[in-house]
Structures are given as structure tokens and as C-alpha cells.
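By convention here, the first residue in the shown sequence is residue 1.
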Amino acid sequence: MRVMGVDPGLTRCGLGAVEGRPGAQLKLVAVGVVRSSADDELGARLVGIERGIEQWLDDVRPDAVAVERVFAQHNVRTVMGTAQAAGIAVLCAARRGLPVALHTPSEVKAAITGSGTADKKQIGTMVTRLLRLAEMPKPADAADALALAICHVWRGGTQNRLAEALAKASRGRAL
């Protein structure tokens, strides 16, 4: 199963894709970020994020998309930007009929490190180790996107099996 993780953000939207299944070695497919300038108008920033995510979906061709569930923070402005970027990611995946899962930050941290309170460095270290990378993905948003994808591969359960069956059926039709 190939999963694309999205760590939503208005300035940096982390994107990462992995391939694998529970109990098997995971493989890095791609990792990066879509950036937008705080100096640009909100609409232009959202269009840029949408274009970036659409390009990733074209290039990566995931079976499912895992997006970080937005949670309340003290900074309402940050929450709004994060929620807007998350909505763009969900919309892009839904347009293609891809299953979308929302995972909380603590759920991802617990899946990757064993602790729901892990910090960014611990997440990056474990992502590097799990994917057998030579160095930690940078920026942290990119590592977080990979962590989301890994979490979904490991915890997706029935949703993963359904997405795999749908992907296999659509590949069969394309042949």
C-alpha cells in the first residue's frame, strides 16, 4: 500500500509518501514540502498549496492519503491556516476518490515512537530509522508527513485493506 502523508501548514505543507504494509519493511517513495510566502494573499497561498498537492498526487499515485487532524492551539491564526491547508489536502484526495484518514498528532507520535508526547526530534529520528535513511528529512514538516504516512500504513487496518483492493482493481482495469 502506498500512502501519502500531509502535515498541513500555510507556510510549509509537509508531504511524504511511503509504501509498505504492517509488519514489513517500509520504503520511502518521496518527501518534501510545498511552500507559500506569508507576503502573498491568502487565496494565492491556498491555490499554490493545491497545485503542489495535486502535483504530488500525480507523481506519487497513492492508494490513500493521511492528513494530520487539526487540533486547537492557543494561536487561532495558526490553527486557521493549518485547517485551511488540511481542507485543501482532503479536497484534492476526495476529488480523485482516494480514501482520506485524519490522524491526531498524539496518535502519530505514539505509533512512531511509542509515546504520544514525543518531540519533533524524536519523530524525525524514528522516521529516519524506520525508513533506513542516511539522514533525517528536513524540514521537520517533511518528517512529520512521513510519520503520518507510516502511522496510516500501520494503523489503517480495514481502511488499508479496502484501499489496497480498490487500487488493485483500478490497476487491473488500466492494463
Min side-chain heavy-atom separation [X]-[Y] under 4.5 Å:
X    : Y    : result
I88  : V6   : no
V79  : V70  : yes
T125 : R129 : yes
L146 : D7   : no
R45  : T11  : yes
M4   : L57  : yes

Which pair of heavy atoms, one from [X] and one from [Y], lies closest together, and at what distance?
X    : Y    : result
I112 : C151 : CD1-N, 4.1 Å
P8   : C13  : CA-SG, 4.0 Å
V60  : R2   : O-NH1, 2.8 Å
L15  : V34  : CD1-CG2, 3.4 Å
L10  : A85  : N-CB, 4.4 Å
A93  : V100 : CB-CG2, 3.4 Å

Heavy-atom count around R51 CZ within 6.0 Å, excluding the residue itself: above 12? no
NZ-CG distance between K27 and L131, expressed to the nearest 0.5 angstrom: 11.5 Å
I need the C92 SG to L98 CG distance, nearest 0.5 Å. 10.5 Å
salt_bridge(E107, R69) N-O dist < 4.0 Å: no
Are the charged groups of R96 and D58 less than 4.0 angstrom apart, N to O? yes
Any sub-3.5 Å donor-acceptor pair from Q55's side-chain atoms to G52's backbone N or O? no
Look only at the side chain of R21 and the backbone of M1, and say whether a donor-acceptor pair between them is shorter than 3.5 Å. no
Evaluate the criterion side-chain contact (heavy atoms from CB on, under 4.5 Å) for residue pair Q84 and L42; output intermediate values, then yes/no. CA-CA 10 Å; Q84 290 163 333; L42 176 61; 3.6 Å; yes
Residues passing the side chain to side chain donor-acceptor pair (under 3.5 Å) test with T113, sequence neighbours excluded, are none
Give the cluster check for I49 versus V33: same hydrophobic cluster or not, with ILVMFWY residues linked at side-chain heavy-atom distances below 4.5 Å. no
Cluster question for you: counting only ILVMFWY and a side-chain heavy-atom cut-off of under 4.5 Å, with indirect links fine, are M80 and L91 together? no
Cut-off 3.5 Å, no hydrogens considered: what does the side-chain donor-acceptor table look like for residues 132-144, sequence neighbours left out?
unit_1, atom_1, unit_2, atom_2, d
R132, NE, Q25, OE1, 3.2
R132, NH2, Q25, OE1, 3.1
D141, OD2, R12, NE, 2.6
D141, OD2, R12, NH2, 3.3
D144, OD2, K120, NZ, 2.3

Contacts satisfying ring pair (Phe, Tyr, Trp, His ring centres under 6.0 Å) that involve residues 92-141 (not counting sequence neighbours) are H103-H152
